J.: 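If you scroll down you'll find the structure; I have some questions about it.
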There are 2 protein chains.
Amino acid sequence: MKLQQLRFLIEVVDSGLNVTLAAERLFTSQPGVSKQIRLLEDELGMRIFERAGKRFTAVTGAGESIIRAARRVLLEAENFRNVAEELRDEDAGTLTVATTHAQARYVLPRVVAEFIRRYPRVRLSISEGDPHHVANAVQRGEADLGIATEALAKAPGLVSLPAYSWNHCVIVLPDHPLLALQPLTLKALVRFPLISYDPAFSGRTRIDDGFARAGLTPNLVLTAVDSDVIKTYVSLGLGVGIVAEMAIDPQRDSGLVALPAGHLFGANTTRIALRRGAYPRTFAMVFAELVSPALTPESLSAASRETPESYDI
Amino acid sequence: MKLQQLRFLIEVVDSGLNVTLAAERLFTSQPGVSKQIRLLEDELGMRIFERAGKRFTAVTGAGESIIRAARRVLLEAENFRNVAEELRDEDAGTLTVATTHAQARYVLPRVVAEFIRRYPRVRLSISEGDPHHVANAVQRGEADLGIATEALAKAPGLVSLPAYSWNHCVIVLPDHPLLALQPLTLKALVRFPLISYDPAFSGRTRIDDGFARAGLTPNLVLTAVDSDVIKTYVSLGLGVGIVAEMAIDPQRDSGLVALPAGHLFGANTTRIALRRGAYPRTFAMVFAELVSPALTPESLSAASRETPESYDI
DNA sequence: TCTCCTTACGAGTTGCGTAACTATA
DNA sequence: TATAGTTACGCAACTCGTAAGGAGA
């Protein structure tokens, strides 16, 4: 059994049992991957994949356990490398943060500014995507940290810690009739065309839940990934916007009026996630601490190692 | 970084930085080990060992962390193999139990009898030695289970669970003056030459503690690893024996009288240990359960995975 | 001088890529 | 017929063992 065989195995699994795709991702030849998988199966004396003719169709029951164990080995191998890199030079390396637009645009800039000041020799990479992308990137080890409001808390293979809480706000043009209706109610809101986030973004579930609980159906005329897009269309008079409060800059957004909406939708909690069992680099933990001072290196390190996944077959 | 390099590294460390010895234990050539260590150091960009000329003299500070991380990788690699073997055939394989004479001779026979009845296709190997040997064998993965009364509770890298408790007893010839002195006291005992276990065996610490607390100095004329040796010399009239109660068989030892001594030395707890983080085979857990019904597979599995060692550098 | 690690070199093995083959949708 | 995995083959790299070299104790 070689580490490479385990790498090949996991990549095939993560490529949806497509050996050709796995080989591409591994920058190697397809027959090579195929052969190593076969050699591993032979050595273990069992089939990991069910085949229909030559195609891989499913993972066998035994294969599921093998794959879990293989992921553990690879995780520790990666931790080994991390330890070595940390020891060689604790202030250099690469940090990849997977996050959503809202965080990247409104929360992380001040964090990143401070981080690159403190760690000028760390290559920082921000990978932007939807919350499921964030969770997957961390699960697969492609990102060291994940920061998002959705999808992280329940994702398997991750540990996530609350970083900070925030509320939504409603944005309208200065002459909008809603301004006369203080305090704001859901019932008043549904009378207007609404513009907010795509499903699964930036607390959108909270917004949906808020309306659903009140038995109301909002008229969402436009959804976007991006708070700036929402603000733009609100400025054009297309509707009433619901955005995260940190997306509002009083100076820049002077043409809009923001109304607090925390009482309508409840607070959202943005979480920071890392891979369960992973050994994070020191600078990764410092990055988390810059996001939220409550996330000390100690708490993060402890969280990543607690309640390891079981070995149940 | 290859698994083999990590294996070589750990074996060198466990051979007291003697590359030649490590090579022998690994059944390979010394230059091969030497080279792979060097290659690993080059890849990591640091020295793991301090050298005086060509000799390895110490582990570097960074090396300590590297070695800890390497042990984790190897442990998971071994667990991977265990999972595969378990899946291939859960009722076959090899079980190595490291234990002391007292357990092997008086406690395990009935366990082993039942075990080989239940798992006829498991090769069972009992490795006998002193309690430190037991702890080391389990730490190094040479044994799957360790059973001993001493040394296991505090050994690093192990998890140990209490299996059962027992008391010492005093054995004398039928005409011995101690028999007139009921109940037995420590003060009475020290007046006679005593025969008991070697230090660090079978609750010997309890015996020493008992006398020390009473401010008494026992006259140990003979110490042995082996309860049978003690009984033999007691039979010859050489002195008064102090042995574990399970070493007394009323039939076979009819020439001796056994007096309970739990009130003098307190109870001893025999523990069963496995490597922290190890994934035990099902039949290993069944073996433990045969030793003590309280040690269910669930409790054992949970114990081995709890509070993993930290990654502190 | 003895022990022990390193260097050098040659043989055997392994891993990987290309190309041809085969089976399924 | 297109897609995807296996088999075949040859080259390159690596591992390992033997033998010789050199530095401490």
Side-chain angles (χ1 to χ4, degrees), chain A residues 1-60 62-63 66-67 70 73-74 77 80-81, chain B residues 1-60 62-63 66-67 70 73-74 77 80-81:
Chain A
M1 184 261 291
K2 304 268 169 53
L3 283 176
Q4 202 123 343
Q5 295 174 328
L6 302 188
R7 258 178 240 122
F8 285 12
L9 167 64
I10 296 304
E11 195 60 51
V12 168
V13 172
D14 289 348
S15 301
L17 310 193
N18 183 327
V19 178
T20 306
L21 176 58
E24 277 171 27
R25 291 194 191 173
L26 290 161
F27 302 104
T28 186
S29 71
Q30 178 272 319
V33 176
S34 200
K35 181 159 197 189
Q36 293 305 320
I37 296 280
R38 173 56 62 102
L39 283 175
L40 182 62
E41 288 186 326
D42 289 350
E43 184 181 337
L44 300 182
M46 64 178 67
R47 292 282 90 107
I48 299 172
F49 298 107
E50 284 175 10
R51 293 159 168 85
K54 298 193 162 178
R55 257 157 239 245
F56 289 16
T57 54
V59 173
T60 62
I66 294 287
I67 289 163
V73 178
L74 292 179
F80 178 85
R81 273 181 252 273
Chain B
M1 184 260 290
K2 304 267 170 55
L3 284 175
Q4 200 119 339
Q5 294 174 327
L6 302 188
R7 258 177 240 122
F8 286 11
L9 168 64
I10 296 304
E11 195 59 52
V12 168
V13 172
D14 289 348
S15 301
L17 310 193
N18 183 326
V19 178
T20 306
L21 176 58
E24 276 170 27
R25 292 193 190 174
L26 290 161
F27 303 104
T28 186
S29 71
Q30 178 273 318
V33 176
S34 200
K35 180 157 197 191
Q36 292 305 321
I37 297 279
R38 173 56 62 105
L39 283 175
L40 181 62
E41 288 185 324
D42 289 350
E43 184 181 337
L44 300 182
M46 65 179 65
R47 293 281 89 108
I48 298 173
F49 298 106
E50 283 173 11
R51 292 160 168 85
K54 298 193 164 179
R55 257 157 242 244
F56 289 16
T57 54
V59 173
T60 63
I66 294 287
I67 288 161
V73 178
L74 292 179
F80 178 85
R81 273 181 252 274

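Sequence lines set the chain letters: A, B, ... in the order given, protein chains first and strands last, and positions in each chain run from 1. All values derive from a computational prediction rather than experimental measurement.
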J.: Just how far, in rounded Å, is C1' of C:dA23 from CZ of A:F56?
T.: 14 Å
J.: Taking atom P of C:dC16 as reference, at what distance in whole Å does atom CD of A:Q5 sit?
T.: 9 Å
J.: Which pair of heavy atoms, one from A:L3 and one from B:L3, lies closest together, and at what distance?
T.: CG-CG, 3.6 Å
J.: Using a heavy-atom cut-off of under 4.0 Å over every strand shown, decide if A:T20 touches base, sugar-phosphate, or nothing.
T.: sugar-phosphate
J.: Let me know the distance between CE of B:M1 and P of D:dC14, rounded to the nearest Å.
T.: 17 Å
J.: Between the protein and nucleotides 21-25 of chain D, are there any N/O to N/O pairs under 3.5 Å, and if so, what are the atom names and distances?
T.:
residue, atom, partner, partner atom, Å
D:dG21, N2, B:K54, NZ, 3.2

J.: How long is the line joining CG of B:L39 and P of D:dA13, in whole Å?
T.: 15 Å
J.: Rounded to whole angstrom units, what separation is found between the CD atom of B:E50 and the C1' atom of C:dC5?
T.: 17 Å
J.: Could you pull out all residues at least two apart from B:D14 that satisfy side-chain hydrogen bond (donor to acceptor under 3.5 Å, both in side chains)?
T.: B:R71
J.: Report yes or no: does A:T60 contribute a side-chain atom to a donor-acceptor pair with the main-chain N or O of A:F49 at less than 3.5 Å?
T.: no
J.: Starting at atom CZ of A:R7, determine the distance to atom P of C:dG15, rounded to an integer number of angstrom.
T.: 13 Å
J.: Check whether B:E11 reaches the backbone of B:A22 with its side chain - one donor and one acceptor, N or O, closer than 3.5 Å.
T.: no
J.: Would you name the heavy atoms of B:N18 and B:T20 that are closest together and state the gap between them?
T.: OD1-N, 3.0 Å
J.: From C:dC4, D:dC16, C:dC16, pick the nucleotide closest to the side chain of B:S29?
T.: D:dC16
J.: Taking 4.0 Å as the cut-off, does a side-chain nitrogen or oxygen of B:K2 come that near to OP1 or OP2 on D:dT15?
T.: yes
J.: Map A:Q30 and B:K35 onto DNA chain D by nearest heavy atom, then report which one ends up closer to the 5' terminus.
T.: A:Q30
J.: Using only side-chain N and O atoms of B:T28, determine if any of them is under 4.0 Å from OP1 or OP2 of D:dG17.
T.: yes
J.: Which whole-number value in Å describes the distance from B:L40 CG to D:dT15 P?
T.: 12 Å
J.: Looking only at heavy atoms, what is the nearest atom pair of B:M46 and B:A62, with distance?
T.: SD-CB, 3.9 Å
J.: Do the side-chain N or O atoms of A:Q4 get closer than 4.0 angstrom to the phosphate oxygens (OP1, OP2) of C:dC16?
T.: yes
J.: Let me know, please, whether A:L17 or B:F8 comes out on the 5' side of the other along DNA chain D by nearest nucleotide.
T.: A:L17
J.: Nearest whole angstrom, please: distance from the P of C:dG15 to the CD1 of A:I37.
T.: 14 Å
J.: Does any N or O in the side chain of A:E50 come within less than 3.5 Å of the main-chain N or O of A:A58, such that one atom is a donor and the other an acceptor?
T.: no
